Each structure stands twice: as C-alpha cells, then as structure tokens.
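One structure below.
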Amino acid sequence: MNTPVIAIHGGAGTITRSALSAADEANYHRELRAILKSAQAVLTAGGSALDAVSEAVRLLEDCPLFNAGKGSVYTRAGTHELDAAIMDGATLKAGAVANITCVRNPVLAARAVMENSAHVLLAGCGADAFARQQGLAIVDPTYFHTDARHQQWLRVRGQSGMMLDHDAAAFTFKESAHGTAPVDPIDPDNKFGTVGAVALDMHGNVAAATSTGGITNKQAGRVGDTPLIGAGCYAANATAAISATGTGEVFIRTVAAYDVAARMAYAGATLQEAMEQVVMQVLPAYEGRGGLIAVDAQGNLELSFNTEGMYRGYARGGDTPVTAIYK
C-alpha cells in the first residue's frame with residue numbers, strides 16, 4: 001500500500017506582504033487546510049486519487065477567495081466563462097470543459113465528460129447543455145458574482161487593459177476608513193489564477209484536476225491552458241500528475257504539464273529535476289510566470305513556482321496538512 005498524498009494550489013504571482021493583515025493571511029491558510037483535510041479524508045478512507053482531486057477542486061471552486069467557480073473573474077463583456085480539466089493517471093482518460101457559464105462546479109462537468117461521453121473536451125453552450133443532461137448543479141450566472149471581482153474588473157476595464165489574473169488567489173476583505181476593501185497577499189495586477197490538485201492514492205494511482213475563471217477583462221471566448229490536456233493538466237502513473245497556474249498562453253505553447261512528464265519518461269529526469277527545468281528554465285525563456293504542482297507514483301511531491309508566491313498546500317497520509325503562500 002502506498003502512503004497517499006494530496007496537494008493543491010490556488011494561484012501564483014507577485015507578493016505584497018505589507019497589504020495583508022495577520023487575520024487575512026490566517027483566513028487563506030484556514031481555507032487551504034480545510035480543503036486539504038477533506039481531500040485527505042477521501043484518500044485515507046481508501047478512495048481514489050481521482051475522487052480526491054475532484055473533491056479538492058470542487059471545494060476550491062466553492063471558495064470565493066480563489067479564481068474558479070464562485071470566485072471567478074469577469075470577461076471584457078462583463079460575463080463569466082469557466083474552464084476545467086481532470087485526468088486519471090491509471091487509464092490516461094481525461095475530460096475537460098471550456099467557456100461554460102452556468103455550471104456551479106466546472107470540475108464535475110469535466111469529470112462527467114470523461115466518464116459519460118465519448119469526448120475529451122466540450123465547450124460553450126454544448127458543454128453547459130451536457131452538464132444539465134448529467135444532472136449537475138446549474139446556477140444563474142449571477143451566482144459567480146463577487147463584489148471584489150466586479151470592482152477589480154471595473155478598475156482594469158477603466159485602464160483599457162487585461163489583468164494577468166489567470167489568478168486563483170482571490171480577495172479577502174478588511175475594514176478600511178472607506179469601508180470594506182479587497183485585500184490579497186498576491187498583487188491582483190500581477191497574479192495568475194487557476195486552482196488545482198494532484199493526488200496519489202493507496203493503490204499507486206495518480207490524478208490531476210485544474211479549474212479557472214480565466215483572466216480579468218479577457219476577450220470573450222478566450223481559452224487558456226486549464227482545459228487543455230498536457231498544458232494545464234496532465235496525469236500518468238508512469239510519470240506524474242501535474243496541475244498548472246500561470247500565464248496560460250505560454251503554458252499552452254510549451255505544453256508545460258506534459259513537458260514535465262516527457263522529461264521523466266524520455267530523459268530519465270526525476271520529478272524534481274523535470275519541474276526545475278520547466279518552471280525555472282523553459283517557462284521564463286518565453287516570459288512565462290506561474291507554477292506547477294506535481295506528485296509521482298512513488299510519492300515524490302513538488303510545488304514549484306517562479307513568482308514571488310503561490311497559494312499551496314499538501315498532506316501525506318494522516319499527517320497534519322502543510323500550507324504556504326510566500327517563498
């Protein structure tokens with residue numbers, strides 16, 4: 001029997017320690033720990049890696065602190081378009097959805113595509129319709145609204161820009177002299193979204209899942225790396241399970257998640273070596289910023305990033321979860 005492992009990420013970017021109170025920082029750690037404990041319970045009860053990453057990402061989607069599900073950012077059109085992917089390392093089966101607008105938990109829609117369709121990726125209204133047919137929770141698009149994300153969008157829209165906020169690190173709030181203001185230890189103007197999870201179960205199988213609300217003020221219809229198997233999500237028992245967060249277009253061009261696995265399979269690199277090469281050498285060469293989390297079938301775990309910080313955490317077996325934000 002293997003010692004099970006679960007790891008999660010909630011975005012990476014430029015850290016602004018001075019903007020975060022001890023209470024706000026504790027809030028992020030509390031949410032990350034609670035999510036890890038839920039997924040950890042799945043694994044210690046003998047559950048599959050696939051079930052564990054589904055549970056972890058579902059809970060990350062339900063938490064408004066992160067840019068996925070309830071915490072999703074706004075497009076240039078003032079709408080929400082969500083992406084997700086999941087992959088089973090034991091079978092190489094995968095499922096993904098892109099630009100969905102009314103499914104509460106995109107990761108569950110991605111899993112339904114994997115398990116209940118002949119396809120890997122469904123997009124737009126067709127993906128929404130499929131989720132309805134599968135009996136998944138459907139919400140009015142207003143469900144994805146949060147005041148913090150809306151204010152963020154208004155500010156970026158006013159600057160006629162696009163926030164590199166393939167984020168995932170969302171907003172907490174603190175009282176200021178002017179009322180409630182959003183506060184985030186990762187600078188919202190230099191933050192890369194997405195949430196994700198990787199896991200190893202007792203049976204030696206790995207799995208990965210990734211979900212995102214996209215980039216603030218993105219062109220409607222834009223699809224990043226998250227739902228593209230091999231770019232933002234990949235899993236194979238022979239190598240590793242990998243989930244990404246960062247500048248999506250660069251992760252697509254470098255096929256970042258698969259590149260880690262390929263270096264292990266074809267060059268004999270260890271997980272640590274492959275992650276170091278991709279995160280610290282390949283991605284920066286193309287101005288790619290962000291991070292990857294990964295676990296292999298031997299239980300080796302890596303949480304690597306080339307930014308000032310990344311929301312992250314992990315748990316082995318029944319041990320107390322470990323969480324971190326800064327380097």
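These numbers come from a predicted model, not from an experiment.
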Inset, instruction - Please test Asn105 against Val57 for side chain to side chain contact (heavy atoms under 4.5 Å, CB included), starting from the C-alpha separation and ending with a verdict. - result: CA-CA 9 Å; Asn105 293 110; Val57 174; over 6 Å; no
Legend entry - Residue pairs fulfilling salt bridge (Lys or Arg N to Asp or Glu O under 4.0 Å) with at least one residue in residues 262-282, sequence neighbours excluded: Asp259-Arg263
Inset, instruction - Applying side chain to side chain contact (heavy atoms under 4.5 Å, CB included), name anything that partners His29, two or more places apart in sequence or on another chain. - result: Glu25, Arg33, Thr323, Ile325
Inset, instruction - Go through Arg149 and His80 one step at a time and tell me if the side chain to side chain contact (heavy atoms under 4.5 Å, CB included) criterion holds. - result: CA-CA 11 Å; Arg149 291 301 190 191; His80 297 93; 5.6 Å; no
Inset, instruction - First locate atom CG of Leu283, then atom OG1 of Thr247, and finally report the distance between them rounded to the nearest 0.5 Å. - result: 7.0 Å
Inset, instruction - Return each pair, listed once, that meets salt bridge (Lys or Arg N to Asp or Glu O under 4.0 Å) where at least one residue sits in residues 96-112; pairs must be two or more places apart or across chains. - result: Asp51-Arg111, Asp62-Arg104, Arg111-Glu115
Inset, instruction - Could you pull out all residues at least two apart from Gln40 that satisfy side-chain hydrogen bond (donor to acceptor under 3.5 Å, both in side chains)? - result: none
Inset, instruction - Could you list the residues that satisfy side-chain hydrogen bond (donor to acceptor under 3.5 Å, both in side chains) with Asn99, not counting sequence neighbours? - result: none
Legend entry - Test side-chain hydrogen bond (donor to acceptor under 3.5 Å, both in side chains) applied to Tyr314 - qualifying residues, sequence neighbours left out: none
Legend entry - Within-4.5 Å side-chain heavy-atom neighbours: Tyr74 and Asn217: no
Inset, instruction - Check Ser54 against Ile86 and note the closest heavy-atom contact, atom names and distance. - result: OG-CD1, 3.3 Å
Pairs under 3.5 angstrom only: tabulate donor-acceptor contacts from the side chains of residues 90-98 to other protein residues two or more places apart or in another chain.
| unit_1 | atom_1 | unit_2 | atom_2 | d |
| --- | --- | --- | --- | --- |
| Thr91 | OG1 | Asp88 | OD2 | 3.3 |
| Thr91 | OG1 | Lys93 | N | 3.1 |

Legend entry - Set of side chain to side chain contact (heavy atoms under 4.5 Å, CB included) partners for Ala208, sequence neighbours left out: Val198, Cys233, Ala235, Ala241
Legend entry - Contacts of Glu61 that satisfy salt bridge (charged side-chain N to carboxylate O under 4.0 Å, His left out) - sequence neighbours left out: none
Legend entry - Qualifying residues under side-chain hydrogen bond (donor to acceptor under 3.5 Å, both in side chains), relative to Thr79, sequence neighbours excluded: Thr75
Inset, instruction - Could you pull out all residues at least two apart from Glu302 that satisfy salt bridge (charged side-chain N to carboxylate O under 4.0 Å, His left out)? - result: none
Legend entry - Separation of Met310 CE from Leu292 CG (nearest 0.5 Å): 8.0 Å
Inset, instruction - May I ask you to decide if Ala240's main-chain N or O and Asp296's side chain share a donor-acceptor pair within less than 3.5 Å? - result: no
Inset, instruction - Mind checking the CG-CG spacing from Leu60 to Leu65? Nearest 0.5 Å is all I need. - result: 10.0 Å
Legend entry - Rounded distance (nearest 0.5 Å) linking atom CE of Met264 with atom CE of Met275: 10.0 Å
Inset, instruction - Ignoring hydrogens and angles, state whether a donor on the side chain of Ser243 or Thr210 is under 3.5 Å from an acceptor on the partner side chain. - result: yes
Per-pair distances, 0.1 Å, donor-acceptor, side chain in residues 119-138, under 3.5 Å, sequence neighbours excluded:
| unit_1 | atom_1 | unit_2 | atom_2 | d |
| --- | --- | --- | --- | --- |
| Asp128 | OD1 | Thr101 | N | 3.1 |
| Asp128 | OD2 | Thr101 | N | 3.3 |
| Asp128 | OD2 | Thr101 | OG1 | 2.9 |
| Gln134 | OE1 | Asn116 | ND2 | 2.8 |

Inset, instruction - First locate atom OH of Tyr286, then atom CD of Glu249, and finally report the distance between them rounded to the nearest 0.5 Å. - result: 16.0 Å
Legend entry - Arg222 bridged to Glu81 by N-O distance under 4.0 Å: no
Legend entry - Spacing of Tyr311 atom OH and His9 atom NE2 [to the nearest 0.5 Å]: 13.5 Å
